[in-house]
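Notes follow the structure.
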Amino acid sequence: MPELPEVEQVRLSLGPHVDGKTILGVRLDLPKMVHYPAPEVFAKAVQGAQITRVGRRGKYLTLHLADDRYLLVHLRMTGALLAGKKGDPEPPYTRLAFFLSGDENLYFTDIRTFGVVELLGQDDKRDPGYEALGPEPLSPELTAEYLRQLAKGKSTVLKAFLLDQSHIAGLGNIYADEALFAAGIRPTRRVNRITKKEWQQVVDGVNQVIAQGLRNHGTTFRNYQDANGEMGDNVKYLQVYHRKGKPCFRCGTPLVQIKVAGRGSVYCPHCQK
DNA sequence: TCATTCACCTGTCGGC
DNA sequence: TGCCGACAGGTGAATG
Ligand SMILES: [Zn+2]
């Protein structure tokens with residue numbers, strides 16, 4: 001259930017295991033996770049390809065190949081990319097296995113099986129979600145003015161607006177709630193009634209919580225792990241997520257949980273306006 | 001066209 | 001203890 005900081009940590013931890021390695025072959029235990037091309041075609045097409053580097057955009061990982069093609073990977077809710085020594089038992093819930101040159105393999109594990117992989121060419125605009133991604137947190141493109149313009153004429157609630165990956169790339173349920181707490185704004189506020197000053201608070205809140213998540217190698221609640229099977233430490237620093245009924249760290253008021261945009265959302269009724 | 005809800009899966013937890 | 005619904009770091013399709 002990785003969001004930007006978790007996916008970035010996977011990218012960082014995966015690189016040393018796969019950079020320069022050749023894909024000798026694959027085993028597709030759950031072919032439906034291969035969205036493009038058809039699984040049989042995919043299996044043949046990646047054989048012999050050399051991985052040059054691992055990239056990330058929003059919650060997507062890109063494994064670039066020497067011939068300018070790339071594997072586009074989305075971990076969705078419970079996906080993980082794990083490196084494992086040849087000869088060691090494969091990790092549980094392995095759905096796709098990539099057999100590499102060298103002494104390790106790469107396993108795409110996924111309890112809920114929502115994860116996706118595609119093999120794309122450099123100019124393949126085939127994944128609409130990937131193509132539509134908005135600016136990254138912590139980038140100069142993410143400004144109060146950008147968000148204010150984008151929200152003009154929209155009637156959505158702020159949290160749904162933040163979760164839309166075409167607005168900002170990489171926010172998910174945890175960091176959206178945390179960013180809203182940092183910004184002092186309720187998840188239910190209509191975006192067309194957010195002031196210029198508040199949009200700046202949103203930008204600052206998003207950047208702050210994402211930077212903290214990155215520093216702590218992500219948030220592990222239940223399943224998330226990086227390519228080495230390491231957990232993230234950020235859970236200790238969460239202010240509101242999963243703290244329904246507990247006292248606000250800032251004011252002591254019990255935190256409230258409601259459903260917004262179909263997701264559990266926790267906020268402080270005193271600190272967030 | 002836009003906003004909201006549902007469906008995709010598997011596992012876990014709380015209430016009865 | 002056992003069952004059963006609600007829920008879980010996400011996202012596109014279906015629906016209104
Ligand atoms: Zn408070």
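Every chain is numbered from 1, with letters handed out A, B, ... down the list of sequences.
Partner A/Arg56 forms a salt bridge (charged side-chain N to carboxylate O under 4.0 Å, His left out) with one of A/Glu8, A/Glu6, A/Glu3 and no other, that one being A/Glu8.
Residue A/Thr219 has no polar side-chain atom (N or O) positioned under 4.0 Å from OP1 or OP2 of C/dG9. Here A/Arg76 reaches the OP1 or OP2 of C/dG12: one of its side-chain N or O atoms lies under 4.0 Å away. Between A/Arg112 and B/dC8 there is no side-chain N or O to OP1 or OP2 distance below 4.0 Å. The side chain of A/Lys259 contributes no N or O atom lying less than 4.0 Å from OP1 or OP2 of B/dT5. Between A/Arg263 and the phosphate of C/dT11, there is no side-chain N or O to OP1/OP2 separation shorter than 4.0 Å. Residue A/Lys59 has a polar side-chain atom (N or O) positioned under 4.0 Å from OP1 or OP2 of C/dG10. Using a 4.0 Å cut-off, no side-chain N or O of A/Tyr93 falls inside it from OP1 or OP2 of B/dC9. Taking 4.0 angstrom as the limit, A/Gln257 places a side-chain polar atom (N or O) nearer than this to OP1 or OP2 of C/dA8. Using a 4.0 Å cut-off, no side-chain N or O of A/Thr113 falls inside it from OP1 or OP2 of B/dT10. Contact between the side-chain N/O atoms of A/His74 and the OP1/OP2 oxygens of C/dT11 is found at a separation under 4.0 Å. Remark: A/Tyr241 is in phosphate contact with C/dG9, judged by side-chain N or O atoms under 4.0 Å from OP1 or OP2.
Take the nearest nucleotide of DNA chain B for A/Gly262 and for A/Ile111: the residue whose nucleotide is more 5' is A/Gly262. Mapping A/Gly129 and A/Pro2 onto DNA chain C by nearest heavy atom places A/Pro2 at the nucleotide closer to the 5' end.
In this model, no donor atom of one side chain and acceptor atom of the other lie less than 3.5 Å apart for A/Gln212 and A/Gln208. For the 3.5 Å distance criterion, the side chains of A/Ser139 and A/Glu141 qualify, holding a donor opposite an acceptor.
Glycosidic conformation of C/dG9: syn, with the torsion inside 90° of 0.
The gap from the P atom of C/dG5 to that of B/dA7 amounts to 15 Å, rounded to the nearest Å. Remark: the separation of the P atoms in B/dT5 and C/dA6 is 16 Å, to the nearest Å. Separation of the P atoms belonging to B/dC9 and C/dA13 is 15 Å when rounded to the nearest angstrom. Here the separation of B/dG11 from C/dG12, taken at their P atoms, is 24 Å to the nearest Å.
Remark: C1' of C/dG9 and CD of A/Gln165 are 11 Å apart, rounded to the nearest angstrom. In this structure, CG of A/Leu75 is placed 13 Å from C1' of C/dT11, rounded to the nearest angstrom. Note: CZ (A/Phe161) to P (B/dT4) measures 13 Å, nearest angstrom. Summarising the geometry, the separation between CG on A/Leu30 and P on B/dC8 is reported as 15 Å, rounded to the nearest angstrom. When rounded to the nearest whole Å, the span between CG of A/Leu61 and C1' of C/dG10 equals 14 Å. Atom OH in A/Tyr175 sits about 15 Å away from atom C1' in C/dG10, given to the nearest Å. Straight-line distance from the CD1 atom of A/Ile174 to the P atom of C/dC7: 17 Å, rounded to whole Å. Between the C1' atom of B/dA3 and the CG atom of A/Leu163 lies a distance of 14 Å, rounded to the nearest Å.
Under the Watson-Crick and G-U wobble criteria, each requiring two contacts below 3.5 Å, nucleotide C/dG9 is left unpaired. Across the strands present, B/dC9 finds no partner; the criterion is a Watson-Crick or G-U wobble pair with both atom distances under 3.5 angstrom.
Counting only heavy atoms from C-beta on, A/Arg222 has its side chain closest to C/dG9 among B/dC8, B/dT4, C/dG9.
Stacking between A/Phe114 and B/dC8 is present: the aromatic ring centre lies within less than 5.5 angstrom of the base six-membered ring centre, and the two planes differ by under 30 degrees.
Looking at heavy-atom distances under 4.0 Å, A/Asn223 makes contact with a base. Using a 4.0 Å heavy-atom criterion, one finds that A/Thr78 contacts no nucleic acid atom at all.
Between A/Tyr241 and A/Thr219, every side-chain heavy-atom pair lies at or beyond the 4.5 Å cut-off.
Taking the six-membered ring where the residue is Trp, A/Phe42 and A/Phe98 present perpendicular rings, their angle passing 60° and hence far from 30°.
A pairwise comparison of heavy atoms in A/Tyr130 and A/Tyr60 identifies N-OH, 3.3 Å as the closest pair. A/Val260 approaches A/Lys159 most closely through the heavy-atom pair CG1-CB, 4.0 Å.
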